[in-house]
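To start, the structure itself, in structure tokens.
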Amino acid sequence: MKIAVTSASGKLGASIVQHLIQDIGKENVIGIARTPARAEHLGVEIRKGDYNNREDFEEALQGIDTLLLVSGMDEPQKRIIQHRNVIEAAKINGVKKIVYTSIVGAEKGNAFSPIVQTNKQTEEDVIASGLDYVIGRNGIYIEPDLEYLETYIEDGEIRNCAGEGKCTYTSRQELGYAYTKMLTEEKHNGQTYNLVGEAITQTQLADYINEVYGTKLTFKSVSEEDYLAERQAALGDFIGTIIAGIYQGIKNGANDVPSDYEKATGSTHTTALKMIKAYKNKN
Ligand SMILES: NC(=O)c1ccc[n+]([C@@H]2O[C@H](COP(=O)([O-])OP(=O)(O)OC[C@H]3O[C@@H](n4cnc5c(N)ncnc54)[C@H](OP(=O)(O)O)[C@@H]3O)[C@@H](O)[C@H]2O)c1
């Protein structure tokens with residue numbers, strides 16, 4: 001069985017490729033990347049695939065049985081077309097199964113919702129393809145918070161508009177394991193899984209970070225308006241609005257969802273505290 005993974009140059013794609021290699025051997029794993037040179041370190045065959053270019057995927061998906069489609073990074077409306085390029089090329093090439101990395105979140109009501117809507121549209125497109133499918137709805141990665149740690153330390157606080165809202169964080173490591181099961185085990189076909197860990201507040205997140213890193217962070221809750229303005233000033237309108245929208249969603253409960261991780265993997269999702277410890281040990 002040949003399994004291909006798109007966006008293999010990215011952190012999630014690379015994690016899935018690495019888990020797959022352990023499970024089915026590197027000769028059965030193909031990485032597809034817009035920038036192949038960035039994926040060569042994975043030690044598997046790498047083929048070129050830019051989501052904007054359907055011809056890339058018509059070639060890259062030759063001889064592939066199962067495909068892992070990592071959701072794109074572009075503006076919402078562009079993503080739908082980009083994902084369709086990959087799905088159509090999969091159909092033409094006789095790919096038997098698609099596994100898609102979607103997202104947890106509210107389809108309405110916050111500035112992240114347009115992204116969630118496009119992920120849901122691709123879920124529908126994957127289902128309509130007629131191929132076997134499995135959909136994973138990823139929780140928010142915990143790693144970006146830890147990459148941001150220096151800024152949190154400088155500020156002495158984690159500051160956002162999530163209030164007391166709970167978030168089911170996950171990690172690319174946990175997701176790599178889950179997607180490998182979903183790709184290789186037939187019993188998941190036709191399922192949609194929330195791939196998330198335990199639900200924690202921002203105060204708990206600060207406490208866990210303090211426990212692992214010996215910091216003294218507190219959580220400061222700010223209004224949605226102030227946080228949006230701050231993020232737009234720091235990151236620009238597009239990304240700033242998305243980030244503010246994610247925390248609006250957390251505040252309103254969009255990321256406090258039941259976990260299907262055990263159904264997908266047969267084992268429990270690791271705790272937030274352990275994910276933070278694992279990140280510290282690796283970096
Ligand atoms: N759950 C979460 O918290 C969360 C957070 C951020 C993003 N996401 C979603 O999860 C996806 C994967 O995350 P990640 O951690 O792997 O992100 P990442 O490390 O930033 O990697 C992004 C990947 O997208 C690829 N890419 C961008 N535009 C492309 C295009 N037109 N055609 C093909 N590939 C393209 C990049 O390729 P190059 O190497 O060529 O740039 C790179 O491989 C993201 O794309 C996004 O949809 C989820």
Side-chain angles (χ1 to χ4, degrees), residues 4-19 31-42 46-57 59-61 67-87 89 99-106 112 114-123 135-148 160 162 167-176 178-179 193-197 205 235 238-247 249-250 254-255 257 259 261 269 272 275 279:
V5 178
T6 70
S7 287
S9 58
K11 294 190 184 95
L12 178 61
S15 172
I16 297 167
V17 167
Q18 284 157 346
H19 281 88
I32 301 177
R34 175 176 66 173
T35 320
R38 288 194 200 146
E40 270 158 16
H41 67 96
L42 294 168
I46 302 294
R47 299 180 184 173
K48 168 130 179 61
D50 183 327
Y51 292 151
N52 291 310
N53 191 338
R54 182 155 142 195
E55 290 75 32
D56 276 1
F57 282 90
E59 219 169 284
L61 294 177
L67 170 67
L68 188 288
L69 170 57
V70 172
S71 63
M73 293 285 274
D74 230 317
E75 292 161 31
Q77 288 314 313
K78 287 191 187 159
R79 287 183 189 205
I80 294 174
I81 308 294
Q82 291 174 335
H83 296 159
R84 283 181 183 156
N85 282 337
V86 182
I87 296 165
V99 180
Y100 171 57
T101 73
S102 186
I103 190 103
V104 167
F112 187 59
I115 305 268
V116 177
Q117 282 164 22
T118 61
N119 276 277
K120 293 284 159 68
Q121 180 59 56
T122 298
E123 290 184 13
I135 291 163
R137 290 183 180 157
N138 298 349
I140 302 214
Y141 307 150
I142 204 159
E143 294 96 332
D145 271 285
L146 305 173
E147 286 158 13
Y148 210 63
N160 61 53
C167 178
T168 49
Y169 287 99
T170 186
S171 72
R172 297 180 184 98
Q173 166 74 18
E174 292 295 291
L175 292 173
Y179 280 110
Y193 292 135
N194 289 335
L195 299 176
V196 300
L205 177 65
L235 304 168
F238 178 58
I239 299 289
T241 304
I242 290 174
I243 300 291
I246 289 173
Y247 286 100
I250 295 173
N255 289 82
V257 296
S259 177
Y261 193 85
H269 192 288
M275 288 193 285
Y279 180 89

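These numbers come from the heavy atoms of this one structure, side chains and all, not from hydrogens, waters or symmetry mates. Just so you know, ligand 1 is whichever comes first in the structure, and atom 1 is the first atom listed for that ligand.
- Taking every heavy atom of Gly72 and a limit of under 4.0 angstrom, the matching atoms of ligand 1 come to 45 (O), 46 (C), 47 (O).
- Annotation: side chain of Arg172 is not in contact with side chain of Gln18 (no heavy-atom distance under 4.5 Å).
- By the 6.0 Å contact criterion, CD on Gln77 is open, its count of non-hydrogen atoms from other residues, nucleotides or ligands being 12 or less.
- Inter-residue side-chain proximity for Tyr100 and Asn119 is flagged as met; some heavy-atom pair is nearer than 4.5 Å.
- By heavy-atom distance, the residue among Tyr51, Phe57, Tyr141 lying nearest atom 2 (C) of ligand 1 is Tyr141.
- Gln173 is not listed as a side-chain neighbour of Tyr279, based on a closest heavy-atom distance of 4.5 Å or more.
- In terms of protein heavy-atom proximity, atom 31 (N) of ligand 1 is nearest to Asp50 OD1, 3.1 Å.
- Close contacts between ligand 1 and Gly49 involve ligand atoms 33 (C) [criterion: under 4.0 Å to a heavy atom].
- Among all non-hydrogen protein atoms, the one lying nearest atom 1 (N) of ligand 1 is Gly139 O, 2.9 Å.
- Each of the atoms 38 (P), 39 (O), 40 (O), 41 (O) of ligand 1 lies under 4.0 Å from some heavy atom of Arg38.
- Per-residue contacts place Arg172 under 4.0 angstrom from the following atoms of ligand 1 (heavy atoms of the residue considered): 15 (O).
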Evaluate the criterion salt bridge (charged side-chain N to carboxylate O under 4.0 Å, His left out) for residue pair Lys48 and Glu59; output intermediate values, then yes/no.
-> CA-CA 9 Å; Lys48 168 130 179 61; Glu59 219 169 284; over 6 Å; no
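- Closest protein heavy atom to atom 25 (C) of ligand 1: Ser7 OG, 3.4 Å.
- Side-chain contact check for Tyr179 and Ser15: no donor-acceptor pair (N or O, by modelled atom type) lies under 3.5 Å.
- In terms of protein heavy-atom proximity, atom 39 (O) of ligand 1 is nearest to Ser9 OG, 2.6 Å.
- The atoms of ligand 1 that sit less than 4.0 Å from any heavy atom of Thr35 are 38 (P), 39 (O), 40 (O).
- You'll find the side chain of Leu67 reaches within 4.5 Å of the side chain of Thr6, heavy atoms only.
- The protein atom (non-hydrogen) at minimum distance from atom 22 (C) of ligand 1 is Met73 CG, 3.9 Å.
- Taking a cut-off of under 4.0 Å to the non-hydrogen atoms of Val70, the atoms of ligand 1 that pass are 11 (C), 12 (C).
- For Asp74, no heavy-atom contact with ligand 1 is shorter than 4.0 Å.
- Within the 4.0 Å heavy-atom cutoff, Ser15 does not count among the residues contacting ligand 1.
- With respect to atom 14 (P) of ligand 1, the closest heavy atom belonging to the protein is Leu12 N, 3.7 Å.
- Within the 3.5 Å criterion, the main-chain N or O of Asp74 finds a donor-acceptor partner in the side chain of Arg79.
- Taking atom 28 (N) of ligand 1 as the reference point, the nearest protein heavy-atom neighbour is Arg34 NH1, 3.2 Å.
- Between Ile32 and Leu61, the closest side-chain pair of non-hydrogen atoms falls below 4.5 Å.
- Using the six-membered ring where Trp is involved, Phe57 and Tyr51 have ring planes that are parallel, under 30° apart on the 30 and 60° scheme.
- Residues Ser259 and Asn194 are not in side-chain contact: their nearest non-hydrogen atoms beyond the backbone lie 4.5 Å or more apart.
- Residue contacts with ligand 1 for Lys11 involve both N, CA, C or O and side-chain atoms from C-beta outward (heavy atoms, distance under 4.0 Å).
- At least one side-chain heavy atom of Asn138 sits less than 4.5 Å from a side-chain heavy atom of Leu12.
- Of all protein heavy atoms, the one lying nearest to atom 45 (O) of ligand 1 is Ser71 O, 2.7 Å.
- Ligand-side atoms of ligand 1 in range of Asn52: 31 (N), range being under 4.0 angstrom from any heavy atom.
- With a heavy-atom cut-off of 4.0 Å, Ile103 touches ligand 1 through its side chain alone.
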